[in-house]
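Structure first, commentary second.
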Protein chains: 2
Amino acid sequence: MKKYLPVIKKCPLFDGVSNENLARMLGCLKAKVVDFDKKYTVFREGTVQKHVGILLSGSLHLVRMDYYGNRSILSGVEIGETFLEEFACSEAELPVSVIADEPSQVLILDLRHILHTCSNCCSFHQQIIFNLMKILATKNTAFYQKIDVTSKRSTREKLLTYLNYQAKKTNNNEFNIPFDRQELADYLEVERSGLSMEISKLKNEGIIDSYKNYFKLL
Amino acid sequence: MKKYLPVIKKCPLFDGVSNENLARMLGCLKAKVVDFDKKYTVFREGTVQKHVGILLSGSLHLVRMDYYGNRSILSGVEIGETFLEEFACSEAELPVSVIADEPSQVLILDLRHILHTCSNCCSFHQQIIFNLMKILATKNTAFYQKIDVTSKRSTREKLLTYLNYQAKKTNNNEFNIPFDRQELADYLEVERSGLSMEISKLKNEGIIDSYKNYFKLL
DNA sequence: GAATGTATGTTGAATTTTCAACAAAAGGAA
DNA sequence: TTCCTTTTGTTGAAAATTCAACATACATTC
């Protein structure tokens with residue numbers, strides 16, 4: 001466990017927890033480090049989980065099987081990220097399986113130990129509960145924005161809605177976006193070539209200026 | 001306040017709270033009922049709110065202004081629903097304004113009173129915190145699914161992904177959906193006419209059977 | 001039953017997006 | 001520099017979606 005303390009410390013679930021308290025807290029939460037081989041199923045779709053995971057090393061995929069047995073990868077989990085907290089908290093059946101994409105180590109926490117304060121270290125519990133709420137709420141806010149953007153019907157509208165959010169966020173009509181073209185196309189859920197074309201058009205029409213990941217609304 | 005107790009009781013934030021405790025609890029949380037005239041801004045975009053709202057009567061819209069001043073309605077709030085809890089918990093600036101669509105009454109709670117347990121009725125706090133987490137997590141799960149559905153590129157794929165979720169959810173290849181055609185089109189973010197056409201095609205191809213809001217995967 | 005309104009299905013033309021393929025530009029490594 | 005790789009831009013044809021308009025079915029009201 002010690003080896004992974006730096007990763008664990010960076011996880012937003014433990015924001016505001018001091019180094020010396022972290023180890024004690026992990027004991028209090030009965031946190032366990034578990035190894036998974038490549039291709040191993042960490043959690044299985046359809047089960048109800050009371051556990052929250054934090055990826056310590058390796059790489060995980062959230063995968064769904066449809067009615068006909070086709071597999072689709074919904075997202076990846078990065079090192080230091082929590083996963084499954086939304087399903088643990090909502091007490092819903094997992095709509096996805098979590099599969100190790102390579103040999104991975106996972107810190108597994110029982111949500112009940114997080115939610116129910118114990119006699120040892122209640123002050124930490126309060127902090128963790130608050131952090132967990134913030135993680136859920138932040139994901140929620142991000143989803144909210146993404147749905148607003150992608151619900152637009154045309155590539156142009158999606159792009160402009162996205163750029164608008166960025167302009168508002170930075171409080172500036174000039175900004176750099178954190179995506180390259182392909183990533184932006186994936187986020188907007190459009191074709192990369194169509195996106196490039198639309199950016200060119202908007203430039204020619206004098207609506208935006210752009211170079212690489214720099215954008216300016218005119 | 002008394003008048004609205006039935007509405008408040010049905011709000012998922014107060015799940016598991018007994019009738020007699022509810023009133024006491026609302027006092028403990030310093031809950032306030034506030035009236036808003038039609039068109040009045042309940043909360044303003046760009047501000048940071050520590051408040052969670054529950055709609056008691058009337059109707060609210062979540063509205064966003066873009067960079068050019070165009071208004072778009074992102075969603076509506078129904079009676080008994082909580083709103084803004086995701087932004088209060090994430091401590092983010094509101095990306096939307098909340099506008100009264102008609103004269104409305106709103107129960108306003110300070111998130112800090114929810115999160116920080118007091119000496120009076122801590123057992124309730126625990127329950128409310130748990131409920132709030134569940135609300136956030138459930139919204140999250142619903143967003144998750146919606147994005148999975150709408151990220152598909154064609155009307156056919158969106159529809160089939162959605163129907164698959166329903167089949168999995170009901171654990172049955174026959175089910176009724178809670179949407180009429182226009183609502184389904186809006187959820188899938190496609191054109192109603194195109195959706196109707198695709199449903200017809202899928203029927204002709206023997207992939208699904210359907211009548212009104214009844215669907216069957218074959 | 002007639003009249004009305006609402007939901008759904010169908011159609012064809014206009015528009016947009018996707019797809020595949022290639023061109024051009026940028027960045028790194030030898 | 002040159003070579004190689006990656007990213008981005010461009011293009012035209014094929015496919016899909018949107019849009020507007022109308023047809024049909026169903027339910028409700030008078």
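We use all heavy atoms of the structure for the numbers below, so side chains are in, but hydrogens, waters and symmetry mates are not. Keep in mind the model is a prediction, meaning the values are calculated, not measured. Numbers restart at 1 for each chain; the letters A, B, ... are given by sequence-line order, proteins then strands.
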Rounded distance (Å) that lies between atom [atom2] of [N] and atom [atom1] of [X]:
{"X": "A:Arg192", "N": "C:dA21", "atom1": "CZ", "atom2": "C1'", "value": "11 Å"}
{"X": "A:Leu195", "N": "D:dT10", "atom1": "CG", "atom2": "C1'", "value": "13 Å"}
{"X": "B:Ile199", "N": "D:dT24", "atom1": "CD1", "atom2": "P", "value": "20 Å"}
{"X": "B:Glu191", "N": "C:dA14", "atom1": "CD", "atom2": "P", "value": "17 Å"}
{"X": "A:Arg156", "N": "D:dT18", "atom1": "CZ", "atom2": "C1'", "value": "16 Å"}
{"X": "B:Gln182", "N": "D:dC26", "atom1": "CD", "atom2": "P", "value": "20 Å"}
{"X": "B:Leu188", "N": "D:dT17", "atom1": "CG", "atom2": "C1'", "value": "14 Å"}
{"X": "A:Asp180", "N": "D:dT8", "atom1": "CG", "atom2": "C1'", "value": "10 Å"}

Just wondering, more than 12 heavy atoms not from B:Arg153 lying within 6.0 Å of its CZ?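 Above 12, so yes.
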
Does B:Glu205, at its CD atom, have more than 12 non-hydrogen atoms belonging to other residues, nucleotides or ligands within less than 6.0 Å?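 More than 12 within 6.0 Å, yes.
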
More 5' along DNA chain C: B:Phe179 or A:Met197, using each one's nearest nucleotide?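 In this pair, the answer is B:Phe179.
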
Is the shortest side-chain N to carboxylate O distance from B:Glu85 to B:Lys139 below 4.0 Å?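 Salt bridge between B:Glu85 and B:Lys139, a charged N being under 4.0 Å from a carboxylate O: yes.
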
Could you report the tightest heavy-atom contact between [X] and [Y], atom names first, then the distance?
{"X": "B:Val63", "Y": "B:Glu45", "result": "O-OE1, 4.1 Å"}
{"X": "A:Leu94", "Y": "A:Gln49", "result": "CD1-CG, 3.7 Å"}
{"X": "A:Ile114", "Y": "A:Ile128", "result": "CG2-CG2, 3.5 Å"}

Counting only side-chain nitrogens and oxygens, does [X] get under 4.0 Å of the OP1 or OP2 atom of [N]?
{"X": "A:Ser200", "N": "D:dT10", "answer": "yes"}
{"X": "A:Thr155", "N": "C:dT17", "answer": "yes"}
{"X": "B:Arg153", "N": "C:dT17", "answer": "no"}

May I ask you to say what A:Ser154 touches in the nucleic acid, namely base, sugar-phosphate or nothing, with a heavy-atom cut-off under 4.0 Å? sugar-phosphate

Checking contacts here: which listed nucleotide (D:dG9, D:dT17, C:dT8) is nearest the side-chain heavy atoms of A:Arg181? D:dG9

Measure all distances between protein nitrogen or oxygen atoms and nitrogen or oxygen atoms of nucleotides 23-27 of chain C, and list the pairs falling under 3.5 Å.
unit_1	atom_1	unit_2	atom_2	d
C:dA26	O3'	A:Lys212	NZ	2.8
C:dG27	OP1	A:Lys212	NZ	2.6

Verify the ring-centre separation between B:Tyr144 and A:Phe87: is it less than 6.0 angstrom? yes

